[in-house]
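So the structure is just underneath, and the comments pick up after that.
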Amino acid sequence: MHSGISQNELSRLKLLSEKYSNIQSASTELINLQAITNLPKGTEHFISDLHGEYETFYHIINNASGAIREKVDLLFSSELDKEGRARLSTLIYYPKEKLNELSILGVNTKEWYSTTIKRLVVVCNLVASKYTRSKVRKALPADFAYIIEELLQNNYDDPNKTYYYTNIIDTIIEIDRADAVIIAICNTIKRLIVDHLHVVGDIFDRGPRADIILESITKHHSIDIQWGNHDIIWMGAASGNTTCIAVALCNSINYNNLEFLEEGYGINLRPLAFFASQTYRDSDISCFKPKDVNTKNKISFNDTELIAKMYKAISIIRFKLEGQTIKRNPQFKMDNRLLLDKINYKKKTVNIEGTEYPLKDVDFPTIDKNDPYCLTLEETELIVQLQSAFLHSEKLQRHINFLYTHGNIYKCYNSNLLLHGCIPLNDDGSLMEFYFDDKKLSGKEFLDYAEEIIRKGYFSTDTSTKSTYTDFFWYLWCGKFSPLFGKDKMTTFERLLIEDKSTHIETKNAYYKYTYDETICTKLLKLFGLKGKYSHIINGHIPVRSKDGEQPVRANGKLIVIDGGFCRAYQKTTGTAGYTLIYNSYGLKLCAHEPFEGINAAINNNTDIFSTYVVSEKLSKRMTVGQTDKGHEILDTIHDLKQLLYANKF
């Protein structure tokens, strides 16, 4: 044994030698990996707070936050006018739909097909240029991999090849496969332009169809997810926690998302509708009218009345179950949120922390004044039925399982900390401490603990402890300064039933004040082992009120908030329709988006989401694969391969 190689290294090299059995194979792999480390890093795409707005999400993914249009403009600014470039871009976003439209209009002639395929190949070549041929080959659709790969190697300046490439395209058109090839090339462009997608939380609630978003991202080639509090409540509901189920139903019914529940996840709402229509037949429902913000789900007068009764019914069940959860979990320290037992029905008031407030509604026929948190027999039967529906929804369980396999509370990726909510801080900027399981927890340690409990809550088969774990989901949803919620309380009861808006205030954790403090942000990054000029916290959860002058880039660039209002319900408040972030080999680019007119308008009129780039940070030198997390793994393998070659000399 050579003195330069330790016993541990020899053991590792022995394993490596089983994969690379001779010097030639090891040398070939080493050369290949060394070359890969010098390629430009792949493009990362960050998006957050989707809140069920599936059309906007779908379009942002298709246009890669404007990156595809940027490439089309770069390549064809002298060849195509603005309208022509818009048509080509729309074709890439929605190839199947656009081809159908062009077929009806009779535009897709042989000449059009030939020209379009050539242009698409040019775009595809550009977005493929930063990858190895092997990676590009793996991204190609199987049916047309050979043909597209050949077209990508074209060189029309070479007369020996011109006829060859032209003949390939002519044959494609002649045998009526042009549409299929165009769709394949367009999908390849979209696959290659973004190497990895980060979804920084809150896929669920408010918008119309979170299930469509999740079905889409389950098919994405490379993705990670950071859980938001709206995701965690659905993860708890899918685990069978009845409090989480009641909250999830309240959120959906309040925003008139019955289609999402019934058609999306097959949750049968007829038992709730029957219970509500009977129990609240003559009840005051004026405080429980659903929001009419989802234009695709317009509510008729008759529907409004029934939905309001359903919303009131499930809200009362929710308040009861939340009270039970608080009582059996004293470690949550949320006794101040026990309000049903503070109602004075004669005076029509509620006592909140020593102050009496008038209530707009005290018509609660299912509340026992002597035991207000106890469900009636009918409510118990109903919640058991609903629990069964959540547990047996195949699609919901599949989507939630995907959130577990591809998600975390936080993620460190290429020197960035991806975090939906917050790292709870005290007013002086120190880490806030929490006490769970007789442990004092703060910062990264608390987030790690929370993730451990979340995973146990879903996967545990021990019924004696499972409910304790799943109660923690609800705490993360709305608990005082929970890292996913980040406020002192959730004032759902007050906003529904109390006119006095001073009771509606939810105070943010001090973390959000310190998002502007470079020193604090740098310290927080170090907690997670991240340091250096190009480390950042990428944050969601709190919409940036750009119309009020708030800025998404804070703390001298150390923290970037990318929740700008994808949800239609927020757009009047924020003044934008969301932010997304692009991190490519040149640096970070923050994109601010205007409201989206819809997919049909995009296809028919070639309209796009108007986006403006807010350049966050430009690297002094183009970043290579070798400087990324994946690159560090490759460099370790290169080191081992060199050691293997060295060892073979002795």
Side-chain angles (χ1 to χ4, degrees), residues 1-44 121 124-155 157-158 160-161 164-165 188-189 191-197 221-224 412-416 529 532 534 583-586 619-650:
M1 181 179 71
H2 193 275
S3 59
I5 302 177
S6 69
Q7 187 61 49
N8 286 338
E9 286 176 314
L10 278 177
S11 299
R12 195 168 69 250
L13 295 180
K14 184 177 180 182
L15 292 174
L16 199 63
S17 67
E18 294 175 4
K19 185 175 182 181
Y20 304 103
S21 57
N22 55 58
I23 291 176
Q24 182 59 44
S25 62
S27 299
T28 299
E29 182 65 3
L30 192 155
I31 293 166
N32 177 51
L33 292 177
Q34 189 67 60
I36 289 173
T37 62
N38 291 291
L39 287 170
K41 79 173 282 293
T43 298
E44 298 170 56
V121 167
C124 195
N125 243 325
L126 180 60
V127 300
S129 62
K130 65 165 64 176
Y131 304 116
T132 63
R133 288 181 65 178
S134 173
K135 185 164 184 172
V136 173
R137 190 178 299 118
K138 291 174 183 175
L140 298 176
D143 290 348
F144 297 104
Y146 172 77
I147 293 171
I148 296 174
E149 189 173 11
E150 283 295 293
L151 291 173
L152 289 176
Q153 307 308 315
N154 70 36
N155 180 2
D157 294 329
D158 182 353
N160 295 321
K161 289 286 189 178
Y164 171 68
Y165 295 123
T188 301
I189 291 168
R191 162 68 177 79
L192 292 173
I193 198 154
V194 170
D195 192 45
H196 189 81
L197 176 64
H221 61 275
S222 183
I223 187 172
D224 60 62
C412 297
Y413 195 98
N414 288 342
S415 296
N416 293 316
Y534 299 120
Y583 183 24
N584 58 27
S585 58
Y586 294 103
L619 301 176
S620 56
K621 185 179 179 182
R622 197 173 187 188
M623 185 176 284
T624 64
V625 171
Q627 296 169 285
T628 66
D629 293 346
K630 183 65 177 176
H632 295 155
E633 295 176 13
I634 294 173
L635 290 170
D636 287 341
T637 303
I638 289 172
H639 171 77
D640 289 345
L641 286 168
K642 286 181 177 179
Q643 289 287 78
L644 180 62
L645 292 174
Y646 182 73
N648 281 331
K649 294 180 180 179
F650 298 92

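Scope of the values below: all heavy atoms of this structure, side chains included, with no hydrogens, waters or symmetry mates.
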Do side-chain atoms of [X] reach the backbone of [Y] as a donor and acceptor pair under 3.5 angstrom?
X	Y	result
Lys41	Tyr583	yes
His221	Leu192	no
Gln627	Thr624	yes

Strictly by side-chain hydrogen bond (donor to acceptor under 3.5 Å, both in side chains), give each pair with a member in residues 137-149 just once, sequence neighbours left out. Arg137-Glu149

Can you tell me how far [atom2] of [Y] sits from [atom1] of [X], rounded to the nearest 0.5 angstrom?
X	Y	atom1	atom2	value
Tyr413	Glu44	OH	CD	5.5 Å
Ile36	Lys135	CD1	NZ	8.5 Å
Thr37	Asn32	OG1	CG	10.0 Å
Leu197	Ile223	CG	CD1	4.5 Å
Asn38	Leu33	CG	CG	11.5 Å

Close side-chain approach of Pro40 to Asn584, heavy-atom, < 4.5 Å: no

Using every non-hydrogen atom in the two residues, find where [X] and [Y] come nearest and quote the distance to one decimal.
X	Y	answer
Ala139	Thr188	O-OG1, 4.4 Å
Gly42	Lys130	CA-CD, 4.2 Å
His632	Gly626	CD2-O, 3.5 Å
Leu140	Ala145	CD1-O, 3.4 Å
Tyr165	Glu150	CE2-O, 3.2 Å
Asp629	Ser415	OD1-N, 4.4 Å

Take atom OH in Tyr534; do more than 12 heavy atoms of anything else shown fall under 6.0 Å from it? yes

Run the side chain to side chain contact (heavy atoms under 4.5 Å, CB included) check on Val625 and Thr628 step by step: do they pass? CA-CA 5 Å; Val625 171; Thr628 66; 4.2 Å; yes

Modelled atom types, side-chain donor and acceptor of Thr637 and Glu633, under 3.5 Å: no

Is a salt bridge present between Lys630 and Asp195, judged by a nitrogen-to-oxygen distance below 4.0 Å? no

